[in-house]
Structure formats: structure tokens, C-alpha cells
Amino acid sequence: RTSRMTQNTSRKSGMGPSSSSGAGGGGHAVIVRDPETQLDVTPVSLLEVQPSVVQGDDAGRQSPRSRESGSNMMDSQSSAGFRSGWSSGSQTPSKAESDASDRDEEEEEERRKKEEEKKSRMVAVTLVQDEAPKPADVHKEVQVILAETDTFFLLDIPSTCVADDDPDLERIKQANRVYTDAVELRIKEGADKFADHNVQTLNSASKTKEAQATPAQTHDVGVDVTNYQIHDAILELREGEDAAGAGDDILGANTNKSTSTIDALQDLNQLSGGRVDAAKLGEATLASAEFRHALMSMERIVVQNIYHEQQMLYRNMAAPPPAAEQALAGAQRGRMDVLWTYECDLSRGRNVSCMAWNNLNPDLLAVGYGEFDFSKQGDGLVLFWSLKNPEYPERVYRTECSVTSLAFANKSYNLLAVGLYDGTVAVYDVRKEEGKPVLESSYSGGKHADSVWEVRWVDKGAERAEALVSVSSDGRVTQWSMSKGLECTDLIRLKRVSTHKKAVNTKNEAFISRMASGMCADFNPKDTSIYLCGTEEGSIHRCSVSYNEQYLDSYLGHSGPVYKVVWSPFQPTSFLSCSADWSIRLWWQESETAALTMQSSADYVADIQWSPNVSTIFASVTGDGHVCIWDMSISTLDPIVHERILPRKPTCIRFSPNSDVVVAGDDSGRVTVYRVSGIDNKKYTHEEQVARLDRALAAKDADAAEASDGA
């Protein structure tokens, strides 16, 4: 009995015949050997060790499972000794011990069956390296292919709505329609085929939506009508009366309208609750801003198709025609080609008195129209011409008298200053379509007593706004402030000076009036506190805004009214002037005599302007119909380009700020756009521009010295 108990205990510990295995026993084994020593280096699992896998090695070393079995055997033997060691060997076990032994045998048998079933499902993997790898196999390339595994979703919650471009949109719509039909069928047939049951849900019920869309925009429209108007309208609809009727009927006598027009007017009649005059409706349509804007856009499209080639030449984006190229190659100097003319019925027959380019939009040209003679005075015009439409102006401002001067602001690009023949100074906001000035001078506020021949905007610095300066024939040079309306301050009152030196033993020259009439002015581009003023008597005065009683310098040389004086944009110490004495003079501010005198015709010079690109080039117009381009580096005797436009007389000229173009206005109301070719249009630095002007004057002095030596 003692040996039987010991055997049962050994079975329970795993050392019985059914659980032991040797090195050559059956079952699946995984053995890893060292290629050099051929020893078993199989790693021991930290988890449960299978009895069929862990075995003893060839050297008789006990595996972990064997050690565990031996330990269990010792425990079983000691347990058996505890049961029988203190009694004699012939002692018989009790009935309780026999029942416990039987239960142990049953448990051991059940465990053994589970282990055999598990071993039958295991896959035999043997990692045994019988021999060392060869050198050729060591350097052999092994190709490893990495492939993407199958994608699996951890969480997938279907959406309750779909987009308009979803491929399953039609299927979802069909399912929604089936559900809607089922609900309607239930409502129609009643509750006979359906039974209502209350259920308790954990999630809120979802709402089915077919597509995502933004809400449509709506407008509220309402009219005030009376009861009798509604009554009359209903009677007309019932009786089928024609819309034509008496007096204020919507169609009047025109019964031959199309059906669509009649329907539209009837709808309008129903909405308004009354009757609408067709003539008034047409006038309202023509006067609407939307209709005029549509017409303006269409007109621009048509005009740009007509002037496409000319506008490409204006932008220097197209080559001139072959004939023009041949003529230009054969000529030694430049030429002027007419691109188009700014003219319309409003301007035809009027005198172009002044022009100004907008500083923000260099394609926008403001042109003032007005007569210079007192006997021809009438109303004035300010037309805004654009490159987009040479046939008709963008905007029209009307004035009560002739426009004599105008200028755009340098910072506030929307402000336009206008000087009138009656002495008024007005400021317009070109953003507003109505032709009313936002500011205007009055007699109580210091209005000029005579014509305003020049207006200039002066920059007062970053902290202060621009100031407006006007020059008038009443002898006042006035500065206008716009902080509280137009408030004026006289910078200086011009006084007459003697135009020739006094002879010995002669009496003093007597003046009928000590006041001098101002004709033009210009501020120094580098120092805005210094300005020039040309007078009717022919003298030019250099003045300062800090002194209002005397001149800094006076330049005497012209024998007639000075119509224009302009500082050089590149050399702040030199300026040009033109006069009714047929001459154009170049001055240095340090010298009271002209450095250079030029004359191209036997008539007055109405206007001059420097080129914005080259320091030695300027343009002029004369009373005998000549439009001239001068280049002092080439010749100071004759202009390099001239165009005669008789019988018309040019009155003013301007260079385009962004193209090789000049515009010239005349006494017939035309503003002609010329493309100038064959002149120097290179880009020079500021130092090179100053050097070019100095060399031109030095060459003139050398020629004069040679002429005096030869004489």
C-alpha cells in the first residue's frame, strides 16, 4: 500500500510513465544548437513549459521539466513518508485516504488527455543547424520583400448624411423614398397592419437628411394697397379685360406687345396693386445705375476692339508697322505718331485750358475746358478721359464759368482742385458721380478777385495734410487749408519790379499799379518751402513761404507774360520758363540771367513740361500750331521732333507718366495722343541725369565761346 501511494503521488507530480520523455522520445521538439560547439542553446520560456518540448540534452543534463519532475517526486516521497513513516510498514491506510487517491488518479488521467490533445495541434518546428555555413552562402544576397498588411478598422460609425457628390447618393435617396412611402402607407391604411410598442432606447433617434445645402436667400417685398385697388384687380382678372385702358394704364395704347412682356407687366401690376406707366418705367430703367454700368462695360468692350492696336502701341507691347520702321530707320531724329484723339460732342468747339494726370491711376486724364478771352466767356467743363474708352469720358463735371487750372492731390488721390475764371477755387471728390464740389471758396472766405491761373498741392510732411496753393491775376499767392472748410492765408502779394536797369541821370519809373498779376507757380521738388512765381510783366520771382513781404530772387529776361515755369525733376537748382515773347529759357537759381534761350517759332509759347524720364528732354507747344520735343543734349537750336496741327492751335501739353506718349490739347476741344519714337528713353540713375544736363549746358557754353572767338 505504501508503494501504491508513492506511485500515485508520482503520477500527480508528472513523473509517471505517461508523462516522462527522454531524448529520443516521441512528440514535437524545438532544439537550437550552437554551430561551433554543437551544444543545446534552446532558450527556456518564462511561461508554461510543454513537457513534450523540453527534454534532457545529450550530456545527461537535466532539463527544467526534469528538474521540476524530480522535485515533485521528492515532495511525493516525503509526503508518503509523512503518512507512513511514523507507523509500521504494515499499517493499512484509511478509507478517506483511498478515496483521495482515486480522485488523484482521475485528475491525472484528465490532465494527461488534455496534454495529448494539445500536442496533436502543435506544429513541429526544428531549428537544428547540422553544419556551419559555407563562405559562398555568407555573401549570398538574400531578398526580403516587405508587403503591406491588410487594413482593418478599429472603429467604423456610419454617417447619417451624405454629400451631393457621393456615389451612393441615389441608393440612399431610393431607400429614403421607400421608407417615406411605407410611412405614408401606414397613415393611409390605418393601424390595422401595424402595432405600436414602447421601447427604451439608449441613443437618440437620428434624423434622415438627403443632402447638405445652404439655405436659399430670401427677400421680403411688401406694398401698400387699398381695398378698392384689390377689388379692381380681381375684377379685371375675372373678366379677362385687356390691360390697355385710359390714362395711367400700364401698357397705354401699345397693345402689340409680346406675350412675355404683357405677362411681366401684369405681374408687376399685381405686385404694385395699381397701374404703372410704361414710359415712366422705361425712363426709370435707363436712369438706373445698373443699366448705365452695363452700357459702360459694353461700350468699353466695343471700343477696345477698335483701338486694340493703338493701345498696344501705347503700352509699348507691339512693334510699329513695317512702313513706320523703315521711315524711322531712314530718319536721323525721332517722330510723333497719332494714336487717337479724346473728343466728344460735349468738348467739340471748346478750348482745352489745362490737363492733369491722376497720381494713382496714370491712365486717367482730367481735362479742363474754358476760354481765356473775356469776350468768349461761358460755362466750363471737366472731363475725365480713360485709356479704356477714348470715345467718351468716364465722368463729366460742369462749372458755371471757364476752367483755367486743375491739379490732382499727391496723397489724397481722389481730390481734384479746380481754378475758375471768376476767381473760385473748388475741390472735387472724383469718387462721387455728382458734379458738386465738396469744398468751394467764397467772397467771405477770401475768394480771389480775378482768374485763378495755377493751382498746386504742397506736401507739408507726414504729420500734416497737403495744402492747396493758388495763383491769381489779382496778385495773391494764397494757401488754402481744408481742416475747417477752405480757409485761406496769403503767402505773398506780388509787386511790380523794374524789368531793366536804370540809366544815369534818369527819373524813377512810375507804375500805375504796384500790384503784379500772377500767371503761374511751381514748388521746388526737394524743398517745398521754396517756390517760383511767373508774372504778367515777364519777371520770375523765387519766394519762400516764410517771407510774405519780399522776394528771395528775381529773374528778369522775358519781355512778355510768363505762361509757365517748372522746376527740373532731376536738378533742383534749375528750371524752365516760357513766355509770350516766343522764347523758352533755362535758368539756374544762383544766376539772375538765363543760362540758355531757345526759340522754335515766331509766336507765343503756351506751355512746357519736362520729361519724367530724361533730364535733357522737354516738350513745348506754340501759338502757330507746333508741338515740339526738345533734347538739349542733341541740339539747343531746334527741336528734335515737331508736329504742326494747323489750323488748330495747341494750348497745353503733358508727358505720360508710364509710357512714351505725350498728349496735347488745342483750341478746338481735342486732346491728341502722340506716340514719340526715336528719342532717348533709357533708364539713367539720378547722378547720370544731373551729369547729362550739366554736359548739355557746358557744350552750349563752349559753342558760345567759340562763336565769340571767331567774331
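The analysis underlying the following values was restricted to heavy atoms, covering all of them including side chains, and did not include hydrogens, waters or symmetry mates.
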NZ/NE/NH1/NH2 to OD/OE distance under 4.0 Å, Glu108 and Arg111: yes
If the condition is side-chain hydrogen bond (donor to acceptor under 3.5 Å, both in side chains), which residues does Arg300 pass it with, not counting sequence neighbours? Glu394
Going from NZ on Lys388 to CD1 on Ile301, what distance comes out if it is rounded to the nearest 0.5 angstrom? 11.5 Å
Hey, what do you get for CD (Glu299) to CD (Gln304), rounding to the nearest 0.5 Å? 11.0 Å
Hits for side-chain hydrogen bond (donor to acceptor under 3.5 Å, both in side chains) against Asp166, two or more places apart or cross-chain, chain-then-number order -> none
Contacts of type salt bridge (Lys or Arg N to Asp or Glu O under 4.0 Å), residue Lys432, not counting sequence neighbours: none
Taking only residues two or more places apart in sequence or in another chain, which ones pass side-chain contact (heavy atoms from CB on, under 4.5 Å) with Leu295? Phe291
Taking side-chain hydrogen bond (donor to acceptor under 3.5 Å, both in side chains) as the test, write out the residues that go with Thr226, two or more places apart. none
Identify all side-chain donor-acceptor contacts of residues 309-318 below 3.5 Å with residues at least two apart in sequence or on another chain.
from, atom 1, to, atom 2, distance (Å)
Gln311, NE2, Leu387, O, 2.8
Tyr314, OH, Ser656, OG, 3.3
Arg315, NH1, Asp363, OD1, 3.3
Arg315, NH2, Asp363, OD1, 3.3
Arg315, NH2, Asp363, OD2, 2.3
Asn316, OD1, Arg675, NH2, 3.3

How would you list, by chain and number, every residue that makes a side-chain contact (heavy atoms from CB on, under 4.5 Å) with Thr685, sequence neighbours excluded? Glu687, Glu688
Minimal non-hydrogen separation, Asn389 against Trp385, with atom names: O-CE3, 4.3 Å
Take Lys411 and Trp457 through the test side chain to side chain contact (heavy atoms under 4.5 Å, CB included) and record every step on the way to the result. CA-CA 9 Å; Lys411 292 183 177 179; Trp457 293 90; over 6 Å; no
Is the count of non-hydrogen atoms from other residues, nucleotides or ligands lying under 6.0 Å from Asp181 atom CG greater than 12? yes
Compare every heavy atom of Leu169 with every heavy atom of Ala163, then report the nearest pair and how far apart it is. O-CD1, 3.8 Å
Residues that Tyr413 engages under ring-ring contact (aromatic ring centres under 6.0 Å, His included), provided they are two or more places apart: none
Sequence neighbours excluded, the answer for salt bridge (Lys or Arg N to Asp or Glu O under 4.0 Å) partners of Asp165 is none
Residues passing the side-chain contact (heavy atoms from CB on, under 4.5 Å) test with Lys436, sequence neighbours excluded, are none
Taking side chain as C-beta onward, heavy atoms only, is Leu365 less than 4.5 Å from Val663? yes
Quick one: closest heavy-atom pair of Trp357 and Pro362, and the distance? CE3-O, 3.0 Å
Apply the test side chain to side chain contact (heavy atoms under 4.5 Å, CB included) to residues Phe153 and Leu155: give CA-CA distance (whole Å), side-chain angles for both, the deciding distance (0.1 Å), then the verdict. CA-CA 5 Å; Phe153 295 93; Leu155 179 64; over 6 Å; no
Measure the spacing between NE2 of His293 and CE of Met298 and express it to the nearest 0.5 Å. 12.0 Å
Is there a side-chain contact between Phe408 and Leu360 (heavy atoms, below 4.5 Å)? no
Qualifying residues under side-chain hydrogen bond (donor to acceptor under 3.5 Å, both in side chains), relative to Asn361, sequence neighbours excluded: none
Suppose we screen for side-chain contact (heavy atoms from CB on, under 4.5 Å). Which residues come up paired with Arg177, at least two apart in sequence or across chains? Lys173, Gln174
Closest contact, heavy atoms only, Val303 versus Pro390: CG1-CD, 3.3 Å
Smallest separation among heavy atoms of Leu439 and Met482, with atom names: CD1-CG, 3.6 Å
Out of curiosity, Glu433 CD to Tyr397 OH, how far, rounded to the nearest 0.5 Å? 8.5 Å
When rounded to the nearest 0.5 angstrom, what distance separates CD in Glu184 from OH in Tyr179? 11.5 Å
For the OH atom of Tyr428 and the CZ atom of Phe384, what is their distance to the nearest 0.5 Å? 9.0 Å
Which atom of Thr151 lies closest to which atom of Glu148, heavy atoms considered: OG1-OE2, 4.2 Å
